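Notes to accompany the following structure.
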Amino acid sequence: MREHVQQITPEQLTEQAQFSKLVQGHGKRPQSYYIVTYGCQMNAHDSETLAGTLRGMGLEQAPTREQADLVLFNTCCIRDNAERRALGNITWLKEIKRDRPHMLIGVCGCMMQQQGMAEKVLRQYPFVDIAFGTGNLYRLPEYLYLTIEEGRRVIDVSKEESTIAEGLPVHRDSPFKAYVSIMFGCDNYCSYCIVPYVRGRERSRRAADILREAEALVADGVQEITLLGQNVNSYGHDLHEISFAQLLRRLEDTGIRRLRFMTSHPKDLSDELIEEMARNRALAPHLHLPVQAGSDRILTAMNRRYTVREYLEKVRKLRNAVPEIGLTTDLIVAFPGETEEDFAQTMALVEQVRYDSAFTFIYSPRTGTKAASLPGALPAEVATERIERLIALQEKMTAQVLQNLVGRQMGILTEGQSTRRKSQMTGKCGRNISVNYTGGRSDHVGQIVPVYITGTGSNTLRGEYREDISHE
Ligand code: 5AD
Ligand code: SF4
């Protein structure tokens with residue numbers, strides 16, 4: 001079973017711990033680091049692991065990237081603009097390095113897993129000192145050691161993408177919200193998507209490892225855990241231990257106050273999971289359910305393996321089971337061959353589902369994917385015009401959805417002072433919508449407190465803290 005998965009052994013981790021000690025005691029080690037992260041939550045979480053690893057070697061976070069001794073770019077390659085932004089910023093740092101020659105620059109993440117990227121970095125970015133892929137992130141201590149001790153560049157993007165490393169140090173960005181990876185990789189091969197090529201085959205962490213991590217987080221005072229995976233609904237398919245719904249049940253037993261997960265593929269959203277969403281008290285009433293398009297023809301070309309009808313049926317079941325659920329989605333416009341009629345169907349679907357919010361993207365061809373060789377590319381003006389119409393429609397829908405929430409009582413996980421109005425506190429409701437509220441106190445930070453919703457802003461809700469009301 002799972003021949004393709006390479007579990008990083010305790011010996012390999014011990015070896016890295018030794019490198020970590022060597023770096024820590026090294027006279028030439030960088031004193032500070034700065035990590036620039038692009039892309040999704042999974043990358044954000046990888047950056048927390050990179051930060052934990054660097055802190056373990058005695059480095060401290062620098063206030064800005066220009067002041068850091070080591071700058072790591074944790075890259076994303078899902079769309080062309082993510083890639084261009086990263087490359088632009090890396091090149092810009094070259095100028096800073098001219099004045100601060102001891103500065104080390106590292107590049108890691110999904111972009112590095114692309115074919116030919118290692119060679120490109122070697123050739124075109126001679127000022128990059130360290131480059132590694134997503135599967136060998138656990139070897140950062142070794143790379144850093146080789147760079148400072150031997151003064152050489154380390155470029156390691158060996159095809160080790162299908163790894164699982166347990167027990168790496170994590171420096172979490174928030175003391176009360178935490179990410180927990182439950183699976184890695186993706187086997188879906190949506191025709192537009194580069195992820196299966198750069199993040200490797202689908203592989204789940206063992207339930208016992210996930211539960212241990214969650215228990216430790218709860219003991220640490222964490223209020224909200226977001227489970228991460230490219231396709232969490234197929235959690236456990238490779239392990240044959242427990243299903244995703246069963247995992248959620250066990251996680252509820254840890255005593256965590258709020259639980260979220262992402263991303264769900266609609267085709268794998270099971271009735272068992274919907275029932276669990278209705279039953280589980282820790283699960284927040286929110287689901288990110290990317291639909292991508294509202295036309296069956298386009299969904300087939302995207303290899304999504306569901307029809308609009310099937311998708312809507314799942315939405316209906318979800319809302320039946322969890323009436324207060326908020327849905328969010330991802331949408332791609334201007335997929336090759338998308339006609340005005342196809343696009344009109346996407347607009348109609350958005351109007352029908354009434355998402356809380358949506359991430360909208362213009363299709364970006366990715367080398368090596370199936371869609372990249374499809375005919376029917378659309379002119380940029382058409383793509384721009386369509387995405388603008390879609391965004392305008394979603395804004396209208398968001399305003400209506402928010403308006404309907406006025407008068408509700410909600411539990412808000414408070415994050416801090418509102419940046420615009422210092423007298424107010426800000427946080428997130430179970431549906432993951434930002435709520436700014438009056439009457440809050442600084443000791444609410446990190447707590448879920450009852451708030452009465454009084455109005456809306458653009459993309460946000462307004463409310464007041466009310467000690468005496470009940471809330472979910
Ligand atoms: N072009 C545009 N958007 C894409 N996404 C993934 N690949 C592409 C691409 N090639 C979007 C999808 C996915 C989200 C994370 O990014 O909507 O759900
Ligand atoms: Fe990409 Fe599709 Fe996998 Fe999501 S499910 S990561 S869009 S291939």
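One is the number of the first residue; the rest follow in order along the sequence. Since this is a predicted model, take the numbers as computed values, not measurements. Atoms within each ligand, like the ligands themselves, are counted from 1 in listed order.
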Indicate, as side chain, backbone, both or neither, the part of I332 found under 4.0 angstrom from ligand 1 when only non-hydrogen atoms are considered. side chain
Hey, are R212 and D209 close enough for a salt bridge, meaning a charged N less than 4.0 Å from a carboxylate O? yes
Are the side chains of F176 and V445 in contact, using a 4.5 Å heavy-atom criterion? yes
Listing by chain and number, which protein N, O or S atoms are under 2.8 Å from atom 2 (Fe) of ligand 2? C190 SG
Would you mind checking which non-hydrogen protein atom is closest to atom 1 (N) of ligand 1, with the distance to 0.1 Å? S364 N, 3.0 Å
If you measure only the distance, is there a donor-acceptor pair under 3.5 Å linking the side chains of E338 and Y363? no
Between S234 (side chain only) and H237 (backbone N and O only), is there a donor and an acceptor less than 3.5 Å apart? no
Can you tell me the protein heavy atom closest to atom 18 (O) of ligand 1 and the distance? D330 OD2, 2.6 Å
Side chains of Y192 and N303 in contact at under 4.5 Å (non-hydrogen atoms): no
Quick check for you: to the nearest 0.5 Å, what is the distance between H288 atom NE2 and N432 atom CG? 10.5 Å
Counting N and O atoms only, with roles assigned by atom type, does the side chain of N136 sit under 3.5 Å from a partner on the main chain of G133, one being a donor and the other an acceptor? yes
Would you find a donor on one side and an acceptor on the other, under 3.5 Å apart, between the side chain of N74 and the backbone of I35? no
Compare F335, F359, Y192 and give the one whose heavy atom is closest to atom 7 (N) of ligand 1. Y192
Distance under 4.0 Å to a non-hydrogen atom of R79: what atoms of ligand 1 satisfy this? 1 (N), 2 (C), 3 (N), 4 (C), 5 (N), 11 (C), 16 (O)
Before giving the answer on side-chain hydrogen bond (donor to acceptor under 3.5 Å, both in side chains), spell out for Q16 and Q12 the whole-Å C-alpha distance, their side-chain angles and the decisive distance to 0.1 Å. CA-CA 6 Å; Q16 291 306 315; Q12 285 172 301; over 6 Å; no
Sub-3.5 Å N/O-N/O distance, Y363 and ligand 1: no
Backbone N/O of N188 and side chain of R305: donor-acceptor pair under 3.5 Å: yes
Got a donor-acceptor contact below 3.5 angstrom from the D220 side chain to the L217 backbone? no
Around atom 6 (C) of ligand 1, find the nearest protein heavy atom and jot down its residue, atom name and distance. I78 CG1, 3.4 Å
Could you tell me which atoms of ligand 1, counted from 1 in the order shown, lie closer than 4.0 angstrom to a heavy atom of R366? 10 (N)
Taken to the nearest 0.5 Å, the spacing of M42 CE from L228 CG works out to 5.5 Å
Tell me the protein heavy atom at minimum distance from atom 7 (S) of ligand 2, and give that distance in Å. Y192 OH, 3.4 Å
Just let me know how F361 lines up against ligand 1, side chain, backbone, both or neither, with a heavy-atom cut-off below 4.0 Å. side chain
Closer than 4.0 angstrom: is that true for some heavy atom of I362 and an atom of ligand 1? yes
Taking only heavy atoms of Q292 into account, list the atoms of ligand 1 that are under 4.0 Å away from them. 12 (C), 13 (C), 17 (O), 18 (O)
